[in-house]
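To start, the structure itself, in structure tokens.
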Amino acid sequence: MRYKGTLLATALTIGLPAIASAQPDENTLVVGLSADASTFEPAEIRSMDNSNIARHIFTALTSIGDDGEILPRLATGWTMSEDGTRLEFTLPEGRVCEDGEPLTAEDVAYSWNRAGDPENAFAGNTPGFVYTSMQFAGAEVVDDLTVAINTASDTGMALGFTSQVFIHCKDSYETMSEDEIARSPVSSGEYRLVDWNIGSNLTLEKWQGEGNFDRIEFRIIPEASTRVAELLTGNVDIITNVSPDQMDVVNASGVADVQVVQGLRRMYIGFNQSDQFEGIAGEAVRDENVRRALQYAVNVPAICSQLLNFECERATGLVNPPNDNPNLEPYPYDPATAERLLDEAGYPRGDDGVRFEITLQAPRGRYLNDANVALAVGSFLTEVGVQTEVELLEWSSVYVPLIRGHDAGPLFFLGSGGALWSALYDMAVLATVESGPNYTDWADPRWFDRWEDIANAATPEEEREVINEMLQVFYDYGPWLHMYFQPDFYGVSRRIVWQARRDEHVNLWDARLAE
């Protein structure tokens, strides 16, 4: 108790709120997240926090290993047709759903086809990104323990994407209401949802398969300082998005440590080119010369070092190294060039020094120090005459609907999850103009027309040449102001043993109590 009092005193001296003690027992793992789940409708899930919870409730055919390797999850093996358009997966015997019914190929095919049924009008990650990227053409039952996933063409991405489609149980889901599906999921995975206090906490209970803890509690703690205080008082075991300025305090506590990993999430300022944005600001973001000019206006390395406590190299596009175009150099911070290019684009400073006014929308508490990063970007843009008003918005109920409807902007701050296993995966957020994650409504044929050339490439070398040409277009004329690949800071209690991943997947099956 004396030691606990010392920790509380330490928390108070660094401005963290004092928290009443509620330490987990040895059978419970507690994780502090910055944002709540919004739904457990598998085909509507679109955020990483939501997915990290759902991944423990629903199984998938495959999983992605720490280094990007594709591994079995539900499936025990698979084969691919010679033309690359059909994958057949073998399922294990004896798996069941939470409702007691056997988990078979019929459930897998139902899950895949239900998510893609246009009558359902789902708009989550699965139909909006996965299916458009892999050109999903339907799933079919071969026999009870064999299911086939078909694609319209060989995109080279289908196998990896099978890790992202959650399997649910046909017998239950055919009888459930939309609200029951969203709020009371029937588990096909290792854990089931037993309690959900929206905006506060969720509790999962293990009922089959892997997992060293009987219960996993996800606590929703939007404020970074509160998450750290909860960690230091022993109330939570893992927290996401530790504020960089609190890293030293955590590491010196004797109670927990910060794990820092180079993440794969592409952070960017989006230029929303939708016609809904009128006036000079809307016209400006639709002008590729303005978009290129503003690349020089923002000092991204300074943002990384001063606000993220991390030395970063500015991104050159949307593909994670080492799969990016090696010929591209990050845009330098050069406000004089930004000013010259804005003048040449036809946007001179007025008598008041302002070229035009624009709004930058950003979430508060979703990403690492996101509010301050957005404010810094706004300040840099204002310095070159683009008077920027920064609107900081609550993530789940306000910002997500804006993003989902392609209504954020004209400038917006967002992160997009990436991967190590494929350059095409990272590019697939813009696989078509209609792709769900094309939140900028970009439609440049110099990018979108080249996907056919990728599909027709006869060799990996030819494919890579097209990829590099596309990435050059994205660098020069694309819809993102290039920022950085977000470093991820996790606070981990010394009560447990757990290793953070680079892809933001908070996988908890291997977490265990320390010896």
Side-chain angles (χ1 to χ4, degrees), residues 31 33-60 96-104 106-131 139 164-208 215-222 363 365-366 393-408 436-437 506:
V31 180
L33 301 179
S34 59
D36 199 354
S38 58
T39 182
F40 286 108
E41 164 55 74
E44 289 288 358
I45 293 171
R46 69 188 66 232
S47 76
M48 186 57 73
D49 280 336
N50 202 157
S51 181
N52 275 330
I53 300 168
R55 191 175 297 110
H56 295 81
I57 298 172
F58 302 108
T59 191
V96 295
C97 292
E98 184 186 352
D99 60 11
E101 294 296 325
L103 182 59
T104 67
E106 187 175 14
D107 297 292
V108 177
Y110 166 79
S111 301
W112 278 74
N113 290 329
R114 176 177 175 272
D117 187 342
E119 291 189 6
N120 292 325
F122 293 130
N125 180 69
T126 295
F129 172 49
V130 171
Y131 285 2
Q164 296 194 25
V165 180
F166 293 133
I167 308 303
H168 38 293
C169 304
K170 179 180 179 181
D171 288 345
S172 287
Y173 277 75
E174 284 189 325
T175 64
M176 294 167 71
S177 68
E178 292 181 5
D179 186 65
E180 288 173 331
I181 290 171
R183 302 298 173 196
S184 303
V186 174
S187 172
S188 63
E190 296 79 10
Y191 286 81
R192 58 188 172 193
L193 178 66
V194 295
D195 187 46
W196 185 9
N197 299 304
I198 295 175
S200 177
N201 66 286
L202 307 91
T203 301
L204 308 184
E205 177 183 81
K206 192 179 87 165
W207 69 281
Q208 70 170 346
R215 289 176 299 280
I216 300 174
E217 180 182 351
F218 293 93
R219 294 188 55 195
I220 313 307
I221 312 172
R366 169 61 183 91
L393 305 172
E394 190 275 333
W395 170 256
S396 296
S397 63
V398 181
Y399 201 65
V400 168
L402 286 173
I403 292 295
R404 181 183 302 170
H406 295 206
D407 296 325
V506 179

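Rounding to the nearest 0.5 Å gives a distance of 5.5 Å between CG of Asp36 and CG of Leu202. Put simply, CG on Asp195 and CG on Leu204 are 10.0 Å apart, with the number rounded to the nearest 0.5 Å. The OG atom of Ser200 lies 8.0 Å from the CD1 atom of Ile220; values are rounded to the nearest 0.5 Å. Between Asn197 atom CG and Arg219 atom CZ the span is 11.5 Å, to the nearest 0.5 Å. The CD atom of Glu190 lies 8.0 Å from the NE2 atom of His56; values are rounded to the nearest 0.5 Å. Residue Cys97 holds its SG atom at 5.0 Å from CG of Asp107, rounded to the nearest 0.5 Å.
Side-chain N or O atoms of Asp407 include none that pairs as donor or acceptor with a backbone N or O of Pro401 at under 3.5 Å. Between the side chain of Ser34 and the backbone N or O of Pro222 there is no donor-acceptor pair closer than 3.5 Å. With hydrogens and angles ignored, the 3.5 Å screen pairs no side-chain donor or acceptor of Asn50 with any backbone N or O of Ile45.
The heavy-atom pair separating Val186 from Met176 by the smallest distance is CG2-SD, 3.9 Å. The shortest heavy-atom contact between Ser396 and Ala35 is OG-CB, 4.2 Å. Listed here is the closest heavy atom pair of Val96 and Trp207: O-CH2, 3.3 Å. Contact between Ala37 and Ile53 at its shortest, heavy atoms only, is CB-CD1, 4.2 Å. Across every non-hydrogen atom of His168 and Tyr110, the tightest pair is CD2-CE2, 4.1 Å. Nearest heavy atom pair, residue Thr39 against residue Ala182, reads OG1-CB, 3.4 Å.
Taking the side chain as every heavy atom from C-beta outward, Leu402 and Leu393 approach each other to under 4.5 Å. In this structure, Glu178 and Glu44 have side chains that are not in contact, with every pair of non-hydrogen atoms separated by 4.5 Å or more. Looking at Arg55 and Phe166, their side chains come closer than 4.5 Å, going by heavy atoms from C-beta outward. Counting only heavy atoms from C-beta outward, the side chains of Pro185 and Tyr173 approach each other to under 4.5 Å.
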Any chance you could lay out the side-chain contact (heavy atoms from CB on, under 4.5 Å) test for Trp395 and Ser47, step after step, and finish with the verdict? CA-CA 10 Å; Trp395 170 256; Ser47 76; 4.3 Å; yes

Please determine whether side-chain contact (heavy atoms from CB on, under 4.5 Å) holds for the pair Glu180 and Thr175, giving the CA-CA distance in whole Å, both sets of side-chain angles, and the decisive distance to 0.1 Å. CA-CA 10 Å; Glu180 288 173 331; Thr175 64; over 6 Å; no

With side-chain contact (heavy atoms from CB on, under 4.5 Å) as the criterion, how do Ser187 and Phe58 come out once you've worked through the C-alpha distance, each side chain's angles and the decisive distance to 0.1 Å? CA-CA 6 Å; Ser187 172; Phe58 302 108; over 6 Å; no

Between Phe40 and Arg183, does a side-chain contact (heavy atoms from CB on, under 4.5 Å) hold up when you go through it step by step? CA-CA 6 Å; Phe40 286 108; Arg183 302 298 173 196; over 6 Å; no

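Scored by the side chain to side chain contact (heavy atoms under 4.5 Å, CB included) test, Thr59 finds Arg73, Leu74, Arg95, Leu103, Ile167, Ser188 as partners (sequence neighbours excluded).
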Donor-acceptor list for residues 119-126 side chains, cut-off 3.5 Å, not counting sequence neighbours:
{"residue": "Asn120", "atom": "ND2", "partner": "Arg114", "partner atom": "O", "Å": "2.9"}
{"residue": "Asn125", "atom": "ND2", "partner": "Gln164", "partner atom": "OE1", "Å": "2.9"}

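Note on ring orientation: taking the six-membered ring where Trp is involved, the planes of Tyr131 and Trp112 are parallel (angle under 30°, cut-offs 30° and 60°).
If you check the side chains of Asp99 and Ser172, you find a donor sitting under 3.5 Å from an acceptor.
Contacts classified as disulfide (SG to SG under 2.5 Å) and involving residues 178-208 (residues at least two apart or in different chains) are not found.
By the neighbour-count criterion of 12 heavy atoms within 6.0 Å, atom CD of Glu106 is sparsely surrounded, having that number or fewer from other residues, nucleotides or ligands.
Here Glu205 does not pair with Arg215 in a salt bridge; the nearest charged N to carboxylate O distance is not below 4.0 Å.
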